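No experiment lies behind these values; they were computed from the predicted model shown. Along the sequence shown, the residues carry numbers beginning at 1.
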Amino acid sequence: MHHFLFQECQDHTFGDFCDKCEDRYLPGFHPDGTFVCRPCACPLSWESNNFATRCDKRRNFLRCVCQEGYAGHYCERCAPGFYGNPMELGNSCKKCDCNGNSDPNLIFNECNNVTGECLNCWGNTSGDNCERCAPGFYGDAISAKDCREPDMIYKPHHLPDCDACIWSLIGDIRQSNKTLDQVKNSVLNISTGAAANDRLKYYNYTAHRLQVTSLKPRTVYRNGRPEDVNVREQHAEIDGARVLLERKTEKLSQSDRDLVLRAEDHANDLQRHAEELQYNLKGSDANGHVQKALNALTVYDNIVKNIDDANITALTSLNISSSTHDVICLCVCVVVSDRTPKRLQFTQEVAEGTLNRSAEVLQMVTPILKKVEVWDSNMKNEAYSAAAFERTVLSAGEAVEDLSEIVPELLSKLRVVEEKKPVNNVSTNIMKIRELIAQARSVAKKVQVSMKFNGQSSVEVHPHSNLDELKTVTSISFYVRVDPDKDPIEDRFLLYLGDKQGRKDYMGLAIKNDNLVYVYNLGGEVVEIPLSSKPVSSWPPVFNLVKVERLGRHGKLFLTVPSQDTTAEQKFIQKGEADGTDSLFDLDPKDNVFIVGGVPPDVKLPPALILAPFVGCIELETLNSDVISLYNFKQLHKMNVVESMPCPRHKLAFSQSRVTSFLFDGSGFALVNNIERRGKIGIVTRFDIEVRTVANNGILFLMVNEAHFFILELKNGFLRLMYDFGFTNGPVIMESNLAKLQINDARYHEVSVIYHHSKKIILLVDRSHVKSMENEKKPLPFSDIYIGGAPSSILLSRPELSSLVGLKGCVKGFQFQKNVFNLLEEQGTIGISSGCPEESFMSRKVYFTGDGYLGSTAKISPFQSFEGGLNFRTLQSNGLLFYHRDGLDEFSLSVENGAVVLQSKGTRVRSHKKNYNDGRSHFLVASVTNQKYELVIDDKDKQDKKKPSSSSQSDNVPKTFYYGGSSTSSIQNFTGCISYAYISRQDRDIEPEDFQRYSENVQVSLQDCPLERPPMLKYTVLLHCYTLKHTVVSQVGRDESSLPHGLKNNPLDAPETEAASCYLSSRPRVTRHAHHYGGFAHSRHDVLCFSIFFRSHFSLSLKTQSAFGLIFYLTDESEENFMALFLTHGRLVFTFSSGQNQVRIRSKEKYSDGQWHDIIFIRSVNTGRLIIDGLTVLEDRAPGGNTSLLVQDPLFVGGVPPDQAKKNIQKTSVSGFSGCVRSLQLNGRWLTSASHSFGVTPCYEGPSEPGTYFTEEGGYVLLDDSFNFGSRFKMVMEVRPRVASGVLLHVFTGEKEYLTLYIYQNQVVVVVNNGIREFSTYVSPRQEICDGNWHKITVIRDGNVVQLDVDSEVNHVVGPVHETAQNSSSPVFIGGAPASMLPHSLHSRRGYTGCMRNLSVNESPVSFSKAALVSGAVGVGACPAA
């Protein structure tokens, strides 16, 4: 018999054990572990302000089902028909009470949703609740509802005296009421701050116009009847309202300023405590114990400061703008209403309410401030001790937890502001906050602090960002501490990575039978690998290092026990493998968890891991090559960091971490501020850095001071110096391919830079002089130095820095004037970690170009007993993957017509599928046993053949093998990527191959494989279209009728399908709805179909580094009437003229900073306004009457046709614009239909570089006739292709006389026909033409001899002699040509795609900005660099 204890549940709980919460409550726990039900935060977690009927929380997202009268995701506002402020404690939403007198057609706007004031009284009623008859009416407004006009007779004795002034006044009032709705609609496209200022200034102006002096009492008409009105009194009211308006507006502005000042004080207070804390910790942080906490703290400071500046100010401006709108209404309403004092009082109440709502954000960030104060107090009041350290580490965990809880809420608030009121400066700050949060996540991933598990707790860690990287190889390392004396060793669960139901592929770790056990399942039988050589009960009570690794179906378990007083460091290894052929670890992106220590309620473990939760301390280290931490958690379960204090770990206990070193992963950097605090810049100034890397590119250190900079970087594996201290001749560059400058060989190299007597740079590598460079005498103008990377804002500040990338590698030491800096202790350091795992310097990936291969030797026996696996990715249908030869016997793995083939001594095993050249990653496993050959691809395509009997035995002698190709194989070399390869060797266990150690390395890259894409479908681009709206003609400076015959209306040839792959994408990332203009005089869009009369409201976004340029121009035929927006000296100018009157508005600030700026320019009768980024509002007004702006189509964007606009715009601003324009709108409507386009390209994101960019859409440049390409010339150009085929140059003299230079499948070809016959030559450069680097091409023609030089590789051809007179009028095309002019013998007739620069003919530079014709989407002046 079962006995149940019945009890009455309390505090909103229910259930048999009172362990469930009622609908309007959420479960939680007190600090003492007691279960509690808390009110839903809908919107506040208080009983009085919980307006949900029910709620639930999934992960970090709260969902509220609101009671009647409430709306919003969190019931934070009143629904239509209700009013109140649910965000204020004790407040609620009440139904609008308008006594049944509100307009039924406006039910959703019945009353003010905060005050309840009725907005649309009808039936001749008025009042806050429509409770009385309107002025001029009488009756019962509440019960009888019969408000009507009195039956009175007026004598019209004043009517003849009514003059035009009175009627003008009434007309203004009516017009103002109409204009209110128009303005409301038009400002929806303006940012919040701009809307407030715009509206305020407009109605101030209206109020000013309504002030009419010395008027006598007049008779006016109301509702068709004459009525006596004291106009003087009314005007006095208007004037008084205007004064009150100004005062109230000032008060609102003051409230805004006060709030921002409070926020700044708060941030300053936080900063002061942070600095005190850091100062107190510096003396005691010998082993870097709390440095990660300090790193996180720096990020929190920045987040808090940005939230104070952006979120609070944004919310304040949002509410103040709304309040200002109410105040402004007085300017219109006061003439017909007697409620002025109440309206003003209401506005004041709204403003005060604004402060309360905005202050909530401060309350949200206050816990972080308190944490800092507690940390500070702990370290101030006690000498450094283990207990103090543990409390500090503990607080680090709490701070990161707070970050995870608080930041999503803040972001949700910011998102409301961003989406509903898009203020540019607010959006910018929101982006900044998100960047900081991403940095905080990066810091959280690197917090090297443990968590203590009590047998009930668990942590869910954020999953790996790229699950595909875990398929072939999965490796997890972590530190674990158990204490056998305090906690008996029982079977315990440690960690799990897999699906939530434990039914699919997974891997995990546990303690079973006193052994550490590695468990994994790849779809077949469960594999268990117990480490029996070191029972857990024999582990010392310190942190031990554990690593589990899976390569294909092979698994390994490693244990490292640190050295103790009496024993040296001990290492233990156990291996195992899965049966069958399944080798891939498939994780579902939508259904996977990574849990440590215990199991959350919503996760079900597979049977092999269903054990008691762990007791002890764990600190995560890496997942594959990524540094990870428990503090980058997704969710905590019963983890009380107050009661379960983490165990301190001695960082130098293991031999691998005893050398102080710092790991850079390409995303972080170190910043040393005020370098002279540790040494003075003198006659000899020295910088030293010790680096170990396998990367090709990366920043070693960088100094920037406004226009001055100094950069030491890795470029293509070689050291490169570039610096400019304000030199007359520009930057000094030191670069060379000297062997001593190549340092990306996975060894440590000491690099020293010495600045001698302010005029000479000396570069040392490994204490040996390598190179020196003299420069103009200038002192070092720097105080700060970035190491290993820099913020994007710094890198994008100058074009010379825009292509730099962060370092991936290890820095062992950085010195200035021989003083060593601990980079983790520097305040500006972000995203680096302590210690450098050996895996960071292994090359597991290799990229083959079709001409190279890798070779090595090992004790292998492919013909007897062998297993090999590898990932491969290619777009080529044929290529050799793996090759071994012994005499006449060959063993190979290859791609053959898209299929994978294993070939051994004439036996062939071929895959079933034939489309493995699809550009996607595939995993291949080949095995040889005594019975059969077997080939498995992607765990699905399985083929085998019986192996013929053989008497040969393995001889245990090292044999040579190759990846990617071989000089002795007849199979074509491989083009593509091979990664995570392994082979079974006789003298060692299976492990991933480290290609860095291979003895033969021929034209391969050991860096990350470039992204490849499947071949694109054919498509056609027409330059000359048949309809007005879709025509695209790019013509510069010359009428089409003057062009050579054959150029008119010739569409480009359809681009061909591209088979070869390129390092750079043929379609760089672009900004949506944005176009790039510039590079030559008349680049522009012509826009038709619009009308402009009295008022026009234009808006656009602008990004440029041009100091001059015409952005927008609109005019009539004579250019007497015009409107323009242009740049002069970096400042924006908005001007328009109508007849003799002209308005000209110029900004004080410069906006040529390469950042996006939102521009609004408004012409309203004779008044002009220029609004920039929602912050700056400028206004000017021309004298004269109301005149329309008589202009005509088209509207020019980005430039104007030749000889236009010079009458009204200064010459330097007519033709100098180069930049991007997006989101052009007129009166809220998008202007997207350009009738003509002249040299306009998409606006590319990311860094740019000088040059001319030929897009994949097609296009070409026709040179003017000043360049002579006769029978003798020298032409030089530099190219950086994005497609491996395309026409570079075409000189057309006639049908049988031409010269064409083009690329085809990475070969450079020149074809000449001199009228007798065609002859050609080509160069296949060692460095593939499409490898992402710049290549120099030279063509020299001397009569019948043509020489082609590509990167100093030369070929030439001699054709038949046929001297003819030079034809100087032959058209010369660059980057492509009309199809009708290209010879049919070319292998590729498509246009060139990529960047081109430094074109010269006979030593004379060619300027595309002066070209005769730019046809198609060709961008002159700049190219996307990435």
Quick one: are the ring centres of Tyr1244 and Tyr1253 less than 6.0 Å apart? yes
Given 3.5 Å as the limit, does a donor-acceptor pair link the side chain of Asp1153 with the main chain of Gln1155, or not? yes
Are the side chain of Arg1222 and the backbone of Lys1103 linked by a donor-acceptor contact shorter than 3.5 Å? no
Quick one: do Arg1280 and Glu1249 make a salt bridge, cutoff under 4.0 Å? yes
Counting the benzene-type ring for Trp, do Phe1108 and His1129 have ring centres under 6.0 Å apart? yes
From CA spacing to verdict: salt bridge (Lys or Arg N to Asp or Glu O under 4.0 Å), Lys1336, Glu1278: CA-CA 4 Å; Lys1336 185 177 181 180; Glu1278 294 180 35; 5.9 Å; no
side-chain hydrogen bond (donor to acceptor under 3.5 Å, both in side chains) involving Ser1101 - partner list, sequence neighbours excluded: Asp1158
Do Lys1206 and Glu1119 meet the salt-bridge criterion of a basic N to acidic O distance under 4.0 Å? no
Aromatic ring centroids of Phe1161 and Phe1112 under 6.0 Å? yes
Residue list, salt bridge (Lys or Arg N to Asp or Glu O under 4.0 Å) with Lys1207, at least two apart or on another chain: Glu1120
Is the backbone of Gly1154 close enough, under 3.5 Å, to the side chain of Tyr1151 for a donor and an acceptor to pair up by distance? no
Does His1290 reach the main-chain N or O of Met1381 with its side chain, forming a donor-acceptor pair under 3.5 Å? yes
Just checking Glu1149: does its CD atom have more than 12 heavy atoms from other residues, nucleotides or ligands closer to it than 6.0 angstrom? no
Is there a donor-acceptor pair under 3.5 Å between the side chain of Ser1137 and the backbone N or O of Asn1121? no
Is the backbone of Asn1166 close enough, under 3.5 Å, to the side chain of Arg1181 for a donor and an acceptor to pair up by distance? no
